[in-house]
Amino acid sequence: MQHTVSPVGIVRSCFKEKFAIPRQPHLAPAARGVLELLPPFDQGDAVEGLEQVSHVWLLFLFHQALEDKPRLKVRPPRLGGNKSMGVFATRATHRPNGIGQSVVRLDGVEPKRLLLSGIDLLDGTPVLDIKPYVPYADSVPSATNQMAGTAPESIAVQWHESALPQAHEHGLRLGEPLVALIEQCLAQDPRPAYQIPPPERVYGVKFWDVQVRWQYPQPDVIRVLEVVREA
Ligand code: SAM
């Protein structure tokens with residue numbers, strides 16, 4: 001059977017590249033974005049009643065990870081990237097049909113757009129469907145997962161003395177909780193699990209319109225070096 005799907009909206013996100021996006025939603029509550037609805041869903045009718053829910057499921061396309069040939073095994077970063085697992089045992093981005101799913105906080109409902117936070121979605125992600133989170137059915141307190149039972153451990157994030165005021169300033173300009181976003185995302189330690197970088201190596205990522213650069217002065221400590229605007 002073949003069936004065509006088309007997006008109901010596109011996410012405008014704080015995350016401009018895949019690197020340093022948390023591996024699941026909620027890990028960075030300060031990660032915000034807007035889901036812009038596409039016609040014919042942008043008239044208000046399609047979202048009527050949605051203001052009654054705090055969270056929504058988003059079904060979306062991993063549009064930057066689509067592949068022609070399906071993989072049966074993947075190497076999830078959570079397992080250090082060196083152990084392979086059946087694709088259906090993981091939440092890897094490379095998967096049949098390229099469909100992702102995230103429960104995210106719904107901060108606002110407008111006729112043409114939804115305001116979201118706690119997202120793990122790249123800017124430009126096409127959303128295929130939106131469903132209200134139903135606590136009694138979707139939350140399973142007795143659920144177990146031996147591979148990923150708890151959130152990944154976070155690491156310490158320190159600031160170079162000039163970097164923190166830069167982040168505050170750009171946060172004010174953007175009207176976004178930028179300091180919290182940087183701290184929450186970097187605390188997830190974006191580097192590949194097996195990589196122990198030399199202390200002088202500089203990493204960087206773009207959040208909103210700012211470039212954030214950091215080093216690892218010790219293997220389990222991040223120091224943010226600078227937060228600068230980039231076109
Ligand atoms: N919560 C979703 C799920 O379980 O289906 C996504 C989990 S996946 C492990 C999360 C990663 O997907 C993020 O760290 C980011 O690098 C990547 N990602 C997010 N949006 C993407 C997109 N549109 N295309 C490709 N990769 C994306």
Side-chain angles (χ1 to χ4, degrees), residues 5-36 38 55-71 73-106 114 116-133 138-140 143 145 147-155 181-195 203-208 212 222:
V5 294
S6 49
V8 301
I10 304 288
V11 174
R12 301 290 161 218
S13 156
C14 54
F15 298 121
K16 306 302 175 188
E17 51 190 286
K18 285 187 274 183
F19 186 52
I21 302 181
R23 293 192 185 128
Q24 289 299 339
H26 305 301
L27 295 171
R32 307 207 305 181
V34 170
L35 171 47
E36 292 177 352
L38 293 170
H55 292 76
V56 284
W57 283 103
L58 298 182
L59 301 176
F60 61 91
L61 211 54
F62 287 116
H63 73 303
Q64 295 270 313
L66 295 174
E67 291 178 324
D68 290 337
K69 194 164 177 279
R71 297 185 193 195
K73 294 272 203 170
V74 293
R75 294 173 188 273
R78 180 74 196 245
L79 299 181
N82 50 16
K83 197 169 170 209
S84 74
M85 280 281 155
V87 65
F88 298 133
T90 79
R91 302 278 281 260
T93 56
H94 296 286
R95 57 192 318 111
N97 299 313
I99 294 177
Q101 59 179 90
S102 294
V103 175
V104 301
R105 191 171 164 76
L106 181 61
L114 303 181
L116 310 171
S117 61
I119 60 176
D120 58 349
L121 307 171
L122 184 63
D123 191 50
T125 296
V127 172
L128 304 176
D129 203 355
I130 305 160
K131 302 191 189 194
Y133 183 81
D138 294 346
S139 163
V140 185
N145 179 331
M147 272 177 293
T150 54
E153 262 184 45
S154 53
I155 69 167
L181 177 68
I182 293 169
E183 289 183 346
Q184 291 165 6
C185 293
L186 297 193
Q188 303 297 314
D189 195 2
R191 83 191 133 152
Y194 43 84
Q195 206 173 87
Y203 288 76
V205 74
K206 193 171 179 187
F207 295 146
W208 297 114
V212 181
I222 279 180

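Numbers for residues simply follow the sequence, beginning at 1. For clarity, every value in this text was computed on a predicted model and none was experimentally measured. We count ligands from 1, going down the list as the structure has it; atoms in each ligand are counted the same way. Hydrogens, waters and symmetry mates play no part in the numbers below; they use all other heavy atoms, side chains included.
The shortest N/O to N/O separation between Pro25 and ligand 1 does not fall below 3.5 Å. When only interatomic distances are considered, the shortest N/O to N/O separation between Lys18 and ligand 1 falls below 3.5 Å.
A donor-acceptor pair under 3.5 Å links the side-chain atoms of Glu17 to the main chain of Lys206, judged by distance alone. Distance alone, capped at 3.5 Å, places no donor-acceptor pair between the Thr125 side chain and the Val11 backbone. Panel note: side chain Lys18, backbone Ala65; no donor-acceptor pair is recorded below 3.5 Å. Using modelled atom types, no side-chain atom of Arg23 and backbone atom of Gln188 make a donor-acceptor pair closer than 3.5 Å.
Taking a cut-off of under 4.0 Å to the non-hydrogen atoms of Gly100, the atoms of ligand 1 that pass are 5 (O). Every atom of ligand 1 is numbered from 1 in the order shown, and the set under 4.0 Å from a heavy atom of Thr93 is 8 (S), 11 (C), 12 (O), 17 (C). Using a 4.0 Å cut-off to heavy atoms of Gln64, the atoms of ligand 1 that qualify are 24 (N), 25 (C). For ligand 1, the atoms sitting less than 4.0 Å from at least one non-hydrogen atom of Thr125 are 20 (N), 22 (C), 23 (N), numbered in the order shown with element in parentheses. With ligand atoms numbered from 1 in the order given, ligand 1 contributes 22 (C), 23 (N), 24 (N) to contacts under 4.0 Å with heavy atoms of His63.
Enclosure of atom CG in Asn145 by more than 12 non-hydrogen atoms of other residues, nucleotides or ligands within 6.0 angstrom is indicated.
A 4.5 Å side-chain heavy-atom check between Arg105 and Ser117 finds at least one atom pair inside the cut-off.
For the ligand labelled ligand 1, residue Leu61 lies inside the 4.0 Å heavy-atom shell. The shortest heavy-atom distance from Pro22 to ligand 1 is under 4.0 Å.
Atom 2 (C) of ligand 1 has its closest protein heavy atom at Gln101 O, 3.0 Å. Summary of contacts: the protein heavy atom closest to atom 27 (C) of ligand 1 is Phe62 CD2, 3.7 Å. Scanning all protein heavy atoms for the shortest distance to atom 7 (C) of ligand 1 gives Arg23 O, 3.4 Å.
In this comparison of Asp123, Asp120, Val11, Leu122, the heavy atom closest to atom 21 (C) of ligand 1 sits on Leu122.
In Arg91, the parts holding a heavy atom less than 4.0 Å from any atom of ligand 1 are both the side chain and the backbone.
When all heavy atoms of Lys16 and Leu122 are compared, the pair lying nearest together is C-CD1, 3.9 Å. Nearest approach of Leu38 to Pro7, heavy atoms of both residues: CD1-O, 3.8 Å. Summarising the geometry of Cys185 relative to Phe15, their closest heavy-atom pair is SG-CE2, 3.6 Å, with the distance given to 0.1 Å.
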